[in-house]
Amino acid sequence: MYGMIALKLIVGYFALVVVTRLLGKKEMSQLTPYDFVFAILLGGIIEESIYDEKVNIFHVLFGVALWGGISFIVEKLGEKYEKIRKPLTGTVSVLVREGKINHKQMKKNQMEMEQLRALLRTKGVFSLKDVRYVFMETGGQISVMKKASSDPVTPEMLKVNAEDVDPSLLLVDEGKIEEEELKIAGKDERWLREELKKEGITNIGEVYYAEWSPQQGFYIEKYDEK
């Protein structure tokens, strides 16, 4: 019995992974109500079948494949027909328009003012007076457009040429050289050791981490500085 449970669990796990991959990857914040229901029911199919002795592995695979097929068809129909897409994915709500709270949309989305303020704080906005528009996306997250007077000054506004900076690469992590990151940087271990010597480091083992970018060079933290 235990062996069969384990086998069902393993088969169900990989079946879920395959179906999820086929239907596409999304971040949790991008999930629509339809995606959430899909995930709950798909997990429920596996959960119910694991401990039921009458359900064999082929039943599990059939259930997952059928549910995955239905979801795939519904999603494709939603992409093609707007009348189907809107009830499934929902629509974007404008909670704040031209600096004014849209009370109707707030009520429709069951959003209280303190909840809106909390979401705004996650976007770095601490006062509604700085907000021009707030959009509630279909996945539940918000997008914010600030008033021009609240936007930070940019180099473009000051007519200053600002150099673009590439993402930094972690070349040393807890005293160990990250070979893959070195390859991405187009460098080798010899170059790394020579550059670290210029920073006064002869033993890589004493480096907690070392970041590097072509424009900004190294940012290093040693264990004794941690």
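By convention here, the first residue in the shown sequence is residue 1. On a predicted model such as this, the values are computed, not experimentally measured, just so you know.
You'll find the side chain of Leu196 stays beyond 4.5 Å of the side chain of Thr202, heavy atoms only. Side-chain contact between Lys123 and Ile142: present, with at least one pair of heavy atoms (C-beta onward) separated by less than 4.5 Å. A 4.5 Å side-chain heavy-atom check between Glu174 and Tyr208 finds at least one atom pair inside the cut-off. Inter-residue side-chain proximity for Leu171 and Glu181 is flagged as met; some heavy-atom pair is nearer than 4.5 Å. Between Tyr133 and Val144 the shortest side-chain heavy-atom distance does not fall below 4.5 Å. Looking only at side-chain heavy atoms (C-beta outward), Lys147 and Val131 stay at 4.5 Å or farther from each other. Looking at heavy atoms from C-beta onward, Leu95 lies out of side-chain contact with Asn102 at the 4.5 angstrom threshold. Residues Glu206 and Ile201 meet the side-chain proximity criterion, which asks for heavy atoms closer than 4.5 Å.
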- prompt: Going through the distances and angles, do Ser143 and Glu137 end up as a side-chain hydrogen bond (donor to acceptor under 3.5 Å, both in side chains)?
  reply: CA-CA 7 Å; Ser143 300; Glu137 307 294 349; 2.7 Å; yes
message: Between Met136 and Met111, does the side chain to side chain contact (heavy atoms under 4.5 Å, CB included) criterion hold? Intermediate values first, please.
response: CA-CA 10 Å; Met136 173 70 78; Met111 177 72 66; 2.9 Å; yes
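Under the salt bridge (Lys or Arg N to Asp or Glu O under 4.0 Å) criterion, Glu179 pairs with no residue, sequence neighbours left out. Looking at residues two or more places apart in sequence or on another chain, you find a side-chain contact (heavy atoms from CB on, under 4.5 Å) between Ile101 and Val96, His103, Met106, Met113, Leu116, Leu128. Partners of Tyr219 by ring-ring contact (aromatic ring centres under 6.0 Å, His included), not counting sequence neighbours: none found. For Glu194, the salt bridge (Lys or Arg N to Asp or Glu O under 4.0 Å) test picks out Arg190, with sequence neighbours left out. Applying the salt bridge (Lys or Arg N to Asp or Glu O under 4.0 Å) criterion to Glu189, with sequence neighbours excluded, gives Arg193. With sequence neighbours excluded, no residue forms a side chain to side chain donor-acceptor pair (under 3.5 Å) with Asp188. Lys129 meets the salt bridge (Lys or Arg N to Asp or Glu O under 4.0 Å) test with no other residue; sequence neighbours excluded. Here Glu195 pairs with Lys198 under the side chain to side chain donor-acceptor pair (under 3.5 Å) rule; sequence neighbours left out.
Applying the salt bridge (Lys or Arg N to Asp or Glu O under 4.0 Å) test to residues at least two apart or on different chains, the pairs with a partner in residues 98-107 are Glu98-Arg132. Pairs passing the side-chain hydrogen bond (donor to acceptor under 3.5 Å, both in side chains) check and including a residue from residues 109-119, sequence neighbours excluded, read Ser93-Asn109, Glu114-Arg117, Glu114-Arg121. Annotation: ring pair (Phe, Tyr, Trp, His ring centres under 6.0 Å) contacts involving residues 113-132, sequence neighbours excluded, are absent. Within the structure, ring pair (Phe, Tyr, Trp, His ring centres under 6.0 Å) contacts touching residues 182-206 (residues at least two apart or in different chains) are Trp191-Trp212, Trp191-Phe218.
Between the Ser213 side chain and the Gln216 main chain, a donor and an acceptor come within less than 3.5 Å of each other. Looking only at distances, no side-chain donor or acceptor of Glu211 sits under 3.5 Å from a matching main-chain atom of Ser168.
One hydrophobic cluster, built from ILVMFWY side chains closer than 4.5 Å, cannot hold both Met145 and Leu120; they sit in different ones.
If you take CD on Glu180 and CG on Leu169, they are separated by 12.0 Å, rounding to the nearest 0.5 Å.
Scanning both residues, Val172 and Ile204, for their nearest heavy atoms gives CG1-CG2, 3.8 Å.
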